[in-house]
Student: 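Below you'll find the structure I mean.
A, B, ... follow the sequence lines: proteins, then strands. Residue 1 opens every chain.
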2 protein chains.
Amino acid sequence: MHIPSSRITINDIARLSGVSKKTISRVINQSPLVSEETRSKVEAIIAETGFVPNAQARALARGRNSLIALVHDGSDRGILEAVESGMLRGMEGSEFSLVLRPVEGDPVARLRSFIDQHRPTGIVLLPPLSESEELTLLCDETETRCVRLGRVRGEHGLACDDRTAMSELVAWLIRLGHTRIGLVSGPETSLTAQQRELGYLDAMADHDLDRGPALIAAGENSFESGMEAGRLLLEVSPRPTAIVACNDEMAAGVIQAAQRSGLMVPDAISVVGFDDTPLAARIWPALTSMHIPWAAMAQEAVSRIRGQAMAADDAPALKADLVIRNSVLPLENQSGAT
Amino acid sequence: MHIPSSRITINDIARLSGVSKKTISRVINQSPLVSEETRSKVEAIIAETGFVPNAQARALARGRNSLIALVHDGSDRGILEAVESGMLRGMEGSEFSLVLRPVEGDPVARLRSFIDQHRPTGIVLLPPLSESEELTLLCDETETRCVRLGRVRGEHGLACDDRTAMSELVAWLIRLGHTRIGLVSGPETSLTAQQRELGYLDAMADHDLDRGPALIAAGENSFESGMEAGRLLLEVSPRPTAIVACNDEMAAGVIQAAQRSGLMVPDAISVVGFDDTPLAARIWPALTSMHIPWAAMAQEAVSRIRGQAMAADDAPALKADLVIRNSVLPLENQSGAT
DNA sequence: TAACCCATTGTTACCGGTTACCAAGTCGCT
DNA sequence: AGCGACTTGGTAACCGGTAACAATGGGTTA
């Protein structure tokens, strides 16, 4: 049994202000077809009663819910925090709410049933999901706005140039004198990770440095895989003097592996990360990392979904940026010792 | 203009299977009032067409949405990840979805309008919000199920005994020979933090140790405040040989402060955290911390909201547990050196 | 054989908004 | 005065489910 719950509805407002439902609807939807007088009268009553339109009824009538979903596959926890808070900032003061939707397993099927069930206004896809054309198609089909974060540019995409950013990061290490630079790569299935790896290769090639497979260890974007890859790279001989990881989680793993085996960072070996997640500043030594503006991108993504795309050039805030902390030393200041 | 979107509805299923809407409704709601034969026929058709009931229509009719909200004030980012994933695990395979709802500023007003707008089935409150009676009252009023995480036991509450856990943690340090033990406390407004502080005082009193104010530095649960408090504690003389922080974020801050000032952890000073968040394992040295089963509590919270409360004793998984890593050394193994 | 009961299933009125369509009032213009 | 154009507001159908209540049909009992 369902108690009428006596909450205020649009009908109550209509009755109280002596106009029709439709007019109230016009007022709350900012339609211009209402006289100034009527509008202010209705608005006063709404404020007085604390009326809030029922999102369900609205969603049912419009065929769209005031929800924006963050869809990811759980493979890169690191950037989640930044994306969440960016999206939240983008929806502040609006009618929208953020739904978290991990889709492990079969992303297409799970996303489809989610969309059918909730009819969100839009979704934000994180890599590596943002690389799937299938998911974008699904959104088109269901008329769900969709923004793909990372690597994919263009109509639905919002990304930094990972490849260039990584190559700049490595070039910076090279300028500090490093020549044997190891890489902890990301999962093969992730185009984002591939771009980063390419950026590394670009820089190494530009400077004619050894970029043989021995210097590249495969990671899976997780801390544990970073530790494992770190262990491997520390054993190659001659040992790299610097290691770059394709994300911060793995960089933290590399640091852990190094310190455990008695190699101090950065005195014995330099380590850099990528993304500049909150973790980077919290570990010791604080991690030098390439800042990717995930929060800003997420906020912009929400704006797009809300239909308030920024001016044509959305570039300014969306540039990668090197953040120098304490995990790197110029080669000459490093002791070669164990 | 709204295109009919041609999605499958309960009416289509009714037509296809030759029974009434109501019967379909009964089937998807697992009502026992349907013959086995009808049920399986309908289920076959549902599976075949990929029909998913529209959550909005449902929510409108029932007066309740299939949403569970995580409500917090953003003051303790650390436990958020664990709570999120616990809640998500609790809703896996169900019709429920997770909404993130930070309520800074005026929690009561913001939560009220959120509830009026979305009518979630339930909400999970994180400390320090879970300590507010007002919010619980609001949920009662609006018939929204509510679980308060941390510190509050009883009907709506789900918590570990923070005080005892902290006192055990400190007692453990004392057994390792430490006698000058500093505390980084949490915000004064948080009862959870207060309980932890009391636990510290209990243990110190039990062993007749100095628990003067000089050994207690106030933090705000953030990494930065932990660093600041750490700096203060490292300057008191004689210097504490161990520092316990009221959460992991602050413990990481203490470690950072110590290492920056040249005090190696744990060789020169031991540091312990509280909560055992993902951060604890990622920093160097890996942080010894009191595990608080936030994920398990969050999962149980969702179960309660879904109306499947566990057996009377929900205790087993909900015990705090010391996780020993690398940030503590017995006093005798520490060098007193700078 | 009629009366009755139980298990199933259907009828119909909502839930609280949006929207297509229509009606009425105001105004300026010829 | 007559007319259309424009503004403003009302009516009623609909979005896709749920639920109170009625109804149907077969077997069992008197």
Student: Hey, is B:R112 close enough to B:E141 for a salt bridge, meaning N to O under 4.0 Å?
Tutor: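 Salt bridge flag = yes for B:E141 with B:R112.
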Student: From CD1 of A:I13 over to C1' of C:dG17, roughly how many Å is that when rounded to an integer?
Tutor: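 So the CD1-C1' distance, A:I13 to C:dG17, works out to 13 Å.
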Student: Taking atom C1' of C:dG16 as reference, at what distance in whole Å does atom CD of B:Q117 sit?
Tutor: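 Roughly 14 Å, once rounded to whole Å.
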Student: Just jot down the side chain to side chain donor-acceptor pair (under 3.5 Å) partners of B:D12, sequence neighbours excluded, or say none.
Tutor: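 Scan of B:D12 (side chain to side chain donor-acceptor pair (under 3.5 Å), adjacent residues dropped) gives B:R15.
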Student: Between B:R148 and B:E133, is the closest basic N to carboxylate O distance under 4.0 Å?
Tutor: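 Between B:R148 and B:E133 there is a salt bridge, with a charged N closer than 4.0 Å to a carboxylate O.
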Student: Going by the side chain to side chain donor-acceptor pair (under 3.5 Å) test, which pairs reach into residues 69-80 of chain A, not counting sequence neighbours?
Tutor: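 Side chain to side chain donor-acceptor pair (under 3.5 Å) check on residues 69-80 of chain A returns A:D73-A:S75, A:R77-B:E81.
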Student: Within this structure, what is the CD-to-C1' distance between B:Q56 and C:dT18, rounded to whole angstrom?
Tutor: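 Checked: the CD to C1' distance equals 14 Å.
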Student: Under the rule for side chain to side chain donor-acceptor pair (under 3.5 Å), what residues qualify as partners of B:S17, not counting sequence neighbours?
Tutor: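 Once residues adjacent in sequence are excluded, B:S17 has no partner under the side chain to side chain donor-acceptor pair (under 3.5 Å) criterion.
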Student: Using atom CD1 of A:I24 as one end and atom P of C:dT18 as the other, report the distance to the nearest whole Å.
Tutor: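 The answer, rounded to whole Å, is 11 Å.
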Student: Starting the side chain at C-beta, find the nucleotide from D:dG17, D:dG10, C:dG17 nearest to B:N54.
Tutor: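 Comparing D:dG17, D:dG10, C:dG17 against the side chain of B:N54, the answer is D:dG17.
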Student: Can you list everything that forms a side chain to side chain donor-acceptor pair (under 3.5 Å) with B:T189? Sequence neighbours excluded, please.
Tutor: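 Partners of B:T189 by the side chain to side chain donor-acceptor pair (under 3.5 Å) criterion come out as none, since no residue qualifies.
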Student: Kindly point out which of D:dT18, C:dG16, D:dG17 is positioned nearest to the side chain of B:R62?
Tutor: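 Selected nucleotide (nearest to the side chain): D:dT18.
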Student: Give me the bend of the helix from C:dT1-D:dA30 to C:dT30-D:dA1, using the axes of the five pairs at each end, rounded to 10°.
Tutor: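 Inter-axis angle at the termini of the helix from C:dT1-D:dA30 to C:dT30-D:dA1: 60°.
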Student: Report the residues that fulfil salt bridge (Lys or Arg N to Asp or Glu O under 4.0 Å) with B:R39, sequence neighbours left out, ordered by chain and then residue number.
Tutor: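 With sequence neighbours excluded, B:R39 shows a salt bridge (Lys or Arg N to Asp or Glu O under 4.0 Å) to no residue whatsoever.
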Student: Who are the side chain to side chain donor-acceptor pair (under 3.5 Å) partners of B:S66, not counting sequence neighbours?
Tutor: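 By the side chain to side chain donor-acceptor pair (under 3.5 Å) rule, B:S66 matches no residue at all.
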Student: Respond yes when some side-chain nitrogen or oxygen of B:T23 is under 4.0 Å from OP1 or OP2 of C:dT9, and no when none is.
Tutor: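 Result: no.
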Student: Atom CG of B:N65 to atom C1' of C:dC15: distance rounded to whole Å?
Tutor: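 It is 13 Å, rounded to the nearest whole Å.
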Student: Tell me, which pairs form a ring-ring contact (aromatic ring centres under 6.0 Å, His included) where one or both residues lie in residues 103-136 of chain B, sequence neighbours left out?
Tutor: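 Found B:F114-B:H118.
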Student: Sorted by first residue and then second, give each ring-ring contact (aromatic ring centres under 6.0 Å, His included) pair with at least one member in residues 126-145 of chain B; sequence neighbours left out.
Tutor: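 Found none.
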Student: Going by the side chain to side chain donor-acceptor pair (under 3.5 Å) test, which pairs reach into residues 83-94 of chain B, not counting sequence neighbours?
Tutor: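 Output for this query lists B:R89-B:Q299.
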Student: State whether the distance check finds a donor on one side and an acceptor on the other, under 3.5 Å, for side chain A:K21 versus base D:dG10.
Tutor: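 Answer is no: no donor-acceptor pair is held.
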Student: Once you round it to whole Å, what is the distance between P of D:dA13 and CG of A:L60?
Tutor: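 So the CG-P distance, A:L60 to D:dA13, works out to 17 Å.
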Student: Which whole-number value in Å describes the distance from B:H118 NE2 to C:dG16 C1'?
Tutor: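 Distance check: B:H118 NE2 to C:dG16 C1' gives 15 Å.
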Student: Identify the pairs formed between an N or O of the protein and an N or O of nucleotides 21-23 of chain D at a distance under 3.5 Å, and give each distance.
Tutor:
none

Student: Contacts to DNA chain C from residues 29-41 of chain A, heavy-atom cutoff under 4.0 Å, which residues?
Tutor: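 Heavy-atom contacts with DNA chain C come from A:N29.
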Student: Is the shortest distance from a Lys or Arg side-chain nitrogen in A:E300 or A:R304 to a carboxylate oxygen in the other one below 4.0 Å?
Tutor: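 Answer for the salt bridge query: yes.
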Student: Given D:dG16, D:dG10, C:dG10, identify the nucleotide with an atom nearest to the side chain of B:V19.
Tutor: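 Closest nucleotide to the B:V19 side chain: C:dG10.
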Student: Distance check needed: C:dG17 P versus A:R7 CZ, whole Å only.
Tutor: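 Between P of C:dG17 and CZ of A:R7: 11 Å.
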Student: Looking at C:dT11, I'd like to know if its phosphate oxygens (OP1 or OP2) sit under 4.0 Å from a side-chain N or O belonging to B:S20.
Tutor: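 For C:dT11, OP1/OP2 do not have a side-chain N/O of B:S20 under 4.0 Å.
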